[in-house]
Amino acid sequence: MSEKRKPYPFDEFEPKWQSHWGKNKTYRTPGPGEEGFDPSKAKYYILDMFPYPSGAGLHVGHPEGYTATDIVGRYKRMKGFNVLHPMGWDAFGLPAEQYAIKTGQHPRVTTEANIANFRRQLQALGFGYDWDREVNTTDPGYVRWTQWIFLQLYHSYFCDEEQKAKPVSELEAKGWTQEQIDEVRLAFIHEAPVNWSPSMGTVLANEEVEEWKAKGETVERRPLRQWMLRITKYAQRLIDELEPLDWPESIKALQRNWIGRSEGAEVVFEVLPGTQTDHSEEAGDASFEVTVFTTRPDTLFGATYMVLAPEHPLVAEVTSPEQKEAVAAYVAACASKSDMERGLDKEKTGVATGAFAINPVNGEKIPVWIADYVMMGYGSGAIMAVPAHDERDFEFAKKFDLPIIQVVSEGSEDLSPSLPYTNQGTAINSGFLDGLKTSDAKKTMIAWLEEKGKGTRKVQYKLRDWLFSRQRYWGEPFPLLWDKETGRHVALPESELPLLQPEMEDFKPTGDPRGPLLNATDWIDYSPKYTRETNTMPQWAGSCWYYLRYCDPGNTEFFLSKEAEDYWGGDEAFVDLYVGGTEHAVLHLLYARFWHKVLHDLGYLKSKEPFKKLVNQGLILGEDGQKMSKSLGNVVNPDDVVENYGADSLRLYEMFMGPLEQVKPWSMSGVEGVHRFLAKVWRVAVREDGEGVWVPSGKIAEGEDRELAKTTHQTVKKVQEAIESLRFNTAISSMMECTNAYTAAQEVPRGLFLIFLKLLNPFAPHLTEEINALLGESELLSEQSWPEVDESLLVEAEIQLIVQVNGKLRARIMVPADVSKEDAEKAALAEGHVQSFIEGKTLRKIIVVPGKLVNIVAS
RNA sequence: GCCGGUGUGGCGGAAUUGGUAGACGCGCGCGAUUCAAAAUCGCGUUCCCUCGGGAGUAUGGGUUCGAUUCCCAUCGCCGGUACCA
C-alpha cells in the first residue's frame, strides 16, 4: 500500500517553522524591566484556561479555544499591541496521586512526564505562546506564592462597614483577643458535617458523592474540622461587580443563581418546649427563641406550623418526652442520607416535636415539626410554614393534616385561587395587612416586626463558605502550625515558604481524616512547641491566581511586581480576553474572582475583577453527534489529524466548524475540506518542478489587477471584522472566496498575494510563512503589521439595486452609485419585468433605500 | 418546576441597524483532464412547477412597504439547577 501523496509538504515545513520560532523566541513578549520591552505599545492580555496535564494528552477540545486565542493574539500583535499570551499547567490533582499510589512512582515524576507530552503536543500545533512565561502550579516557586496568598486571607477579615477585606492587625490594635479574631478571619477553621469517604480517605464535594458511591466507595456524613474561606462575605460584591463584565449572559446567570440572593425577613418565634401532658410541673418555664427566614413576610398570618431542620440545635431541647423516641429515630435516619438522597424522596416526611411556637403577629400557638425538607445549611435551618402559599408546605400540611389558612387572594378582587397560590396578590385574613398588595404588605410587615423587635429585613444567600481543605498528598500543604499546648493555630513565618510536602514512600489514604501527611511524623513535628497542619489545599488554589503569575513568572521577591501589575493589569479588570470551557462557569470563575477581590482590597491589585471579556468555546461532539467517549469509540485524537492533514488544517478546521461558542459535531470530511483550501492557496504560489522540488508557480506576477485588488481589500476588511468579533468561521469563508478568485485568475499581483498571506497567517502560520519564504521574502509574516484596507478600491461607480413589487424581488438594476431617489424610482419603474407586475395597478407608495433597493407598493 | 440558550437545504453553517434567504465548506450529480483512476479544474445542487411563476428560516398569530431578524403565544432540542423557605 503506497502512501498517499500529500498535496503540500506540511510534514516537512511545519516542524521546521516550529523549531525556528522556538529557537528565535519569535513569540517572546518582554514585560516591564525586560530587554526589548516597548512601553509605548498598548497591552493586550489573552488568557487560555490552562489544562490539567492528564496522562491521556490533548483532546480536540483543547485546540478549539487555544486556536481561537492564538489567532486573536497573532492578529493583535500585527496590529501593534504588546500581546501577553502565555500557557501553563494546573498540575496538582487527584489522578496523578492515584496513579502514583498504584505504580509507586512519585506524582511529581508522572506530572512532569505528562507536562512534557502536553507541551510537545501544543508546540506541534504552532501556537505562539511565550514559553518563557510557562507556569506550573506544583513548582516550589509557585507554591510559595499560593501559600503566601492563603496567608493574606488568613491575616484578613471582612469589614462590613466598608465592604472590604482588611488586615486583622487593625483588630489587634483595637484590643481584640485572638479568639475573637479567629472568629472573623477570611481563612478559618470550622467543624461541620461533610461527606467523608472512609474507603478513599478524603472528603468529597456534594456533587461527587453519588458518582463514587456508584463505584462502590463508601461515603458518610461526619462532622470534621475543616479549613474554610469566608467567600460568603463577598456575596453581594460578587453579584454587583459581575454586572459590567463582558461575559456571556448565561454564565452571569449561572453565577447569580449560584450565589442565590433573596430578599425577605427574619422573624423571631418564641418556642415552648413540649411537656408531658400528665406531669406539667414546669409548664411555661423555659422557652426558646427560633429565628426563621422568609421571603414572604406578608404571609405571616397564614403560618400554621413551624418546621425545624432535623439537625437544628434546638430539636432535642424542645422535643416533648412523648416524641423523644420518634424524633431521635427520624434525626438518625436523616443523618445517614446525603443532601442528594434527601432531595430524591418524593413524599414529604417529618415528625412532630410536641413543642409549640407562638406566631408573633397574632399570638397563635402553632405546632413545631421537624422535616428533612428544611435544610440546616440555608437560612437559619427553620421555617414558618404557610401551606396556603407554598407548594412544599402545602404538600406537607395535606399529608399530616395540618391547618391551611389562605392569606393572599388573586388580584384586587376577593377571588379564591386554587391553593397553594404562590404568586403575588392582595392580603386577606391578615389583620392590619388586609387589602394591601403583596409588595406593600411585605414592607408593612417588616416595619411592624422591626418596631416590635420581632424581626428584621434580611438578605439571604445560597452561597456557602468555601470548604478549602483536602486530605491528600499532592496539593499545597497549609502553611500553618498548631500550638501543642493551647491547641491554637498560628501562621508559618513567610520566610519558611514554600512549604513542600515531605518526601514519603507511602501516601495512601490511612482512613484518618487528617490525611496522609499525618504519617510524616518528622515533618509534622515542627518544634517542641508546634506541630504542622496536615491538610492540603484543593486544586482550585493554584488556578485562582495563575493569570497574575504569568505577568512576572520568575519573581522570587513577590508574587507579582508592582511594575508588571501596573502594565499588564487593567484598571477595571485584569485579563482582556479569557477563553475556556463552560465547565468552569461557577467554581473556578467564582473562586478566582473572590481571591482577586481580596488582593484588590489589600492593595495589591488595582482592578476589582480578574477577567474582562469571557468566552466559552462550545463542546466538540463526535462524528455521530454524541459526546466523545472511549466507550462510544468516537474520540478524535489531534495527533492523528496533525499527522494526516497537518497542524494548519487542524487549526483551520476547528475554527471553520461553526461559531466558537456553539456545540458542534466533528467531521473528517470537513477537515479534508479546509485541507483542500490550504492546498489551493499553496498551488496559487507554488508548483512542483520536474524533479519533484517545490518552486514558485510563476502565477504570482508584478502587475496590477483592479478586480483582484478589490477582492483582496474586501477580504482584508471582512477578516479583520470577523476576528475582532471572534467569528473565525466567516473569516475563513471570505478567505476561501478570495482564494477562489486567485485560482480563477491568470496572474495574481505579488503585492496583493502578500497581503492575503498576512490575513491567513494567524490562522495557518506554518503554511503562510513557508509560502512567504518560498517567494523570496525575508521578513516573517508574523512580525509584519496588519494590512490597511484601501477603502478607495471598495467604492463602486455603479451599484446594483434590488427592485421589489409588494415586497417581492422582481428585478436587479444597475445604477450610478450616487443615484438620486427620484432617478432610482424612475429606473425601477422603467424596468420591463417590473412593469409587467405593476400593469393595471395603482401605485400606492414607493420606498427607496439608497444603495439597497426600491420597493413599489401597488394594488 | 425554575434559569439560560437554541430551532435556516441531505449535513456543518452564512445573512451590519428589519432590506436579494441559503455565502463558504461537506456530500451528491454532470462535464473537462486521464489508457483508466486518484488528484485537479469547471458547471449544477431548498422544495414544487404547466418554466410564467409559487412556497419556504420549528408552529400559530401580530407590527411593517418589507421579518431568519422585532413583539406575543405554543412546541421541540441543549445546558445549568433543583425541597434554598
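Below, chain A is the first sequence line, B the second, and so on; all start at residue 1. Everything numeric in this text was worked out from a predicted model, so none of it was measured.
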Give the rounded distance in Å between these two atoms: [atom1] of [X] and [atom2] of [N].
{"X": "A/F677", "N": "B/G25", "atom1": "CZ", "atom2": "C1'", "answer": "11 Å"}
{"X": "A/R812", "N": "B/G19", "atom1": "CZ", "atom2": "C1'", "answer": "13 Å"}
{"X": "A/K252", "N": "B/G79", "atom1": "NZ", "atom2": "P", "answer": "24 Å"}
{"X": "A/N616", "N": "B/G80", "atom1": "CG", "atom2": "P", "answer": "13 Å"}

Worksheet entry | Donor + acceptor pair across side chains of A/S262, A/Y378 (<3.5 Å) |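 Yes, A/Y378 and A/S262 have a side-chain donor paired with an acceptor closer than 3.5 Å.
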
Practice prompt. Classify the side-chain pair A/N740/A/K680 by whether it contains a donor and acceptor separated by less than 3.5 Å.
Written response: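 Yes - a donor-acceptor pair under 3.5 Å links their side chains.
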
Determine: side-chain N/O of [X] to OP1/OP2 of [N], distance under 4.0 Å, yes or no.
{"X": "A/R256", "N": "B/C2", "result": "no"}
{"X": "A/R727", "N": "B/A15", "result": "yes"}
{"X": "A/K664", "N": "B/G12", "result": "no"}
{"X": "A/N740", "N": "B/G25", "result": "yes"}
{"X": "A/N729", "N": "B/A14", "result": "yes"}
{"X": "A/H584", "N": "B/G80", "result": "no"}

Worksheet item: 5'-most contact on RNA chain B: A/S733 or A/R683, nearest heavy atom basis?
Response: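 By nearest-heavy-atom nucleotide position, the 5'-most residue is A/S733.
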
Discussion item. Does this structure show an ion pair linking A/E64 with A/K664, if we count only N-O contacts that are shorter than 4.0 Å?
Written reply: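 Result for this pair is yes, salt bridge flagged.
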
Fill in: A/R812 with A/E831: basic N within carboxylate O range, under 4.0 Å
no

What does [X] touch in the nucleic acid at a heavy-atom separation under 4.0 angstrom: a base, only the sugar-phosphate, or nothing?
{"X": "A/R676", "value": "sugar-phosphate"}
{"X": "A/H675", "value": "nothing"}
{"X": "A/S262", "value": "sugar-phosphate"}

Worksheet item: How would you label the glycosidic angle of B/G29: syn (within 90° of 0) or anti?
Response: anti

Item to complete: Quick one: classify the glycosidic conformation of B/G10 as syn or anti, with syn meaning within 90° of 0.
Response: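 That one's anti.
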
Practice prompt. Go through the steps for A/H389 and A/F394 under the test ring-ring contact (aromatic ring centres under 6.0 Å, His included), then give the verdict.
Written response: CA-CA 7 Å; A/H389 306 289; A/F394 183 79; 9.8 Å; no

Worksheet entry | A/Q662 (side chain) and B/U6 (base): donor-acceptor pair under 3.5 Å | no

Closest to the [X] side chain, choosing from [options]:
{"X": "A/P659", "options": "B/G19, B/A14, B/U20", "value": "B/A14"}
{"X": "A/Q804", "options": "B/U17, B/A85, B/U20", "value": "B/U20"}
{"X": "A/N855", "options": "B/G66, B/G4, B/U40", "value": "B/G66"}

